[in-house]
Protein chains: 2
Amino acid sequence: MRGDNPNSKSRAVTLRDAVETEIVTGALKAGERLDEVQLAARFGVSRTPVREALHQLAASGLIEMRPRRGAVVAQVSPDRLVEMFEVMAELEGMCARLASRRLSDQDKEALLLAHRKCQEAAHHGDADKYYYENERFHHVVYRASRNQFLAAEAIRLHNRLKPYRRLQLRIRGRITTSIAEHEQIVTAILDGQGAAAQEHARAHIVIQGERFADLMASLNHLDEVS
Amino acid sequence: MRGDNPNSKSRAVTLRDAVETEIVTGALKAGERLDEVQLAARFGVSRTPVREALHQLAASGLIEMRPRRGAVVAQVSPDRLVEMFEVMAELEGMCARLASRRLSDQDKEALLLAHRKCQEAAHHGDADKYYYENERFHHVVYRASRNQFLAAEAIRLHNRLKPYRRLQLRIRGRITTSIAEHEQIVTAILDGQGAAAQEHARAHIVIQGERFADLMASLNHLDEVS
DNA sequence: CTCTCGTGTTATGTATACAAGAACGCTTGA
DNA sequence: TCAAGCGTTCTTGTATACATAACACGAGAG
């Protein structure tokens, strides 16, 4: 639309990313309806590319498309959320385990850097920065697995869980605990202790899943009240 | 198109499934071009639904869409294939581990039945039947994990690996070995030995991955020659 | 007063027309 | 004869028009 990218597919990516960002950041809330005409008008395109973007989002699980009844932002039940975190934990654990065996010097540096930045953000009490650096840290671990397919799948699921992850930083003391868990993961990976790295990474996510489930349950309760 | 299903979305699903089946069964070979107009004509619809189906297939990874250059059946490199099997192994292991902890009476019965049917097919030397029953067996394990999201992801990846899985049955003695591995998995799950179940299931897939990588390498070699 | 049925409106699904880029071949020159 | 440049043609990407299903609102009957 705005020629910000010479790549011919820039528009489609832009449109998809824009809607995705709005969902992930919470600008579009769960269950909210996504009107094709409205989106088309807002982005200055016709319904056709909008529909394609929505289908892509549906494929990634961020939205649900009910035939003849339009698209809505996916409403994830607490049960399903727990399941998703369970899988995320396994993927993270796998990444950590593989990383501990295959760690290159580059990945080692990247890992230490990302960990240090997390610590800095936590030290300054900057929740938003920690959120960002935490994401970088996890992506570094994914890449360090030296399994591109795994990394892509991990990022996909990570993105899908983003909206819930963001909520979690509100929990008092979570950042401090999170840093300590990162420390254990990093140490195990650097020491080449695959099993330990896997378990620490798994636990790190499982804990988040449990916290989120609690949060979700309470949020749902609030929704019912309001 | 043919009113074989009153559901309004039947056409889209049918179209997607049809193309997917052709890819999975090898009717459409890797790298082959998918012409929108041609597909539209073949299925008696316009390009619009064809494009949507292609986008869905691209999202699931079965085809690749290069901007302005059309869609081709995804060409998976041996490296990438090994990576995918590595992830599949982890998911299968996870399913087996969870199943061993959460096994319901229903799932137990289904597991034993599926295993028995595999044995029968193997006993009769019916490779096609074994292929089918083997798939059922794995699906039973996925479901027994009592994690619907995990099961869905496992099925998704399983489907994506189908074309390669099919090739693998050609390997002499593979079916017998496969059955023995199933036996170990079933026993561990029934005994509630999570770690053992996970490891057996993982190994079961890792072995396949290695076999397939060998096959792929030799097939690619043949391609180059021809 | 409530429930149900019917009609009108709105939005989705599909078809078709148009725009633009990429592949291919042809011509022309060396 | 070969290579390079240009134009044609074919295919994709987008817009728009039309068909049809779902929803909402209102009227009428019980």
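Chain letters run A, B, ... following the sequence lines, proteins first, then strands; residues in each count from 1. Just so it is clear, the model here is predicted, and its values are computed rather than measured.
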Spacing of [X] atom [atom1] relative to [N] atom [atom2], expressed in whole Å:
X	N	atom1	atom2	value
B:Gln38	D:dT11	CD	C1'	12 Å
B:His55	C:dG13	NE2	P	15 Å
B:Ile63	D:dT12	CD1	C1'	14 Å
B:Leu54	C:dT14	CG	P	14 Å

Exercise for review: Describe, as an angle rounded to 10 degrees, how the axis at the first end of the helix from C:dC1-D:dG30 to C:dA30-D:dT1 is tilted relative to the axis at the last end, five pairs per end.
Suggested key: 10°

Check the interface with nucleotides 10-12 of chain C: list each N/O to N/O pair with the protein under 3.5 Å, or write none.
| unit_1 | atom_1 | unit_2 | atom_2 | d |
| --- | --- | --- | --- | --- |
| C:dA11 | O3' | A:Arg33 | NH2 | 3.4 |
| C:dT12 | O2 | A:Arg68 | NH1 | 2.6 |

Practice item. For A:Arg102, check side-chain contact (heavy atoms from CB on, under 4.5 Å) against everything at least two apart and list the hits. Key: A:Leu98, A:Arg146, A:Asn147, B:Glu86

Practice item. With sequence neighbours excluded, tell me which residues meet ring-ring contact (aromatic ring centres under 6.0 Å, His included) with B:His55. Key: none

Exercise for review: Using the test ring-ring contact (aromatic ring centres under 6.0 Å, His included), find all partners of A:Tyr130 that sit at least two apart in sequence or belong to another chain.
Suggested key: none

Check your understanding: Just one of B:Gln198, B:His138, B:His204 clears the side chain to side chain donor-acceptor pair (under 3.5 Å) bar with B:Glu92, so which one?
Key -> B:His138

Review point. According to a strict under-4.0 Å criterion, is A:Thr48 in side-chain N/O contact with OP1 or OP2 of D:dT14?
Key: no

**Study point:** ring pair (Phe, Tyr, Trp, His ring centres under 6.0 Å) pairs, two or more places apart, involving residues 59-97 of chain B
**Key:** B:Phe85-B:Phe212

Revision key, fill the gap. So the ring pair (Phe, Tyr, Trp, His ring centres under 6.0 Å) pairs with at least one residue in residues 86-107 of chain B (sequence neighbours excluded) are none

Point to revise | A:Arg143: salt bridge (Lys or Arg N to Asp or Glu O under 4.0 Å) partners, not counting sequence neighbours | key: none

For residues 23-34 of chain B, dump all side-chain donor-acceptor pairs below 3.5 Å to protein atoms at least two apart in sequence or in another chain.
| unit_1 | atom_1 | unit_2 | atom_2 | d |
| --- | --- | --- | --- | --- |
| B:Thr25 | OG1 | B:Thr21 | O | 2.8 |
| B:Thr25 | OG1 | B:Glu22 | O | 3.4 |
| B:Glu32 | OE1 | B:Lys29 | N | 3.0 |

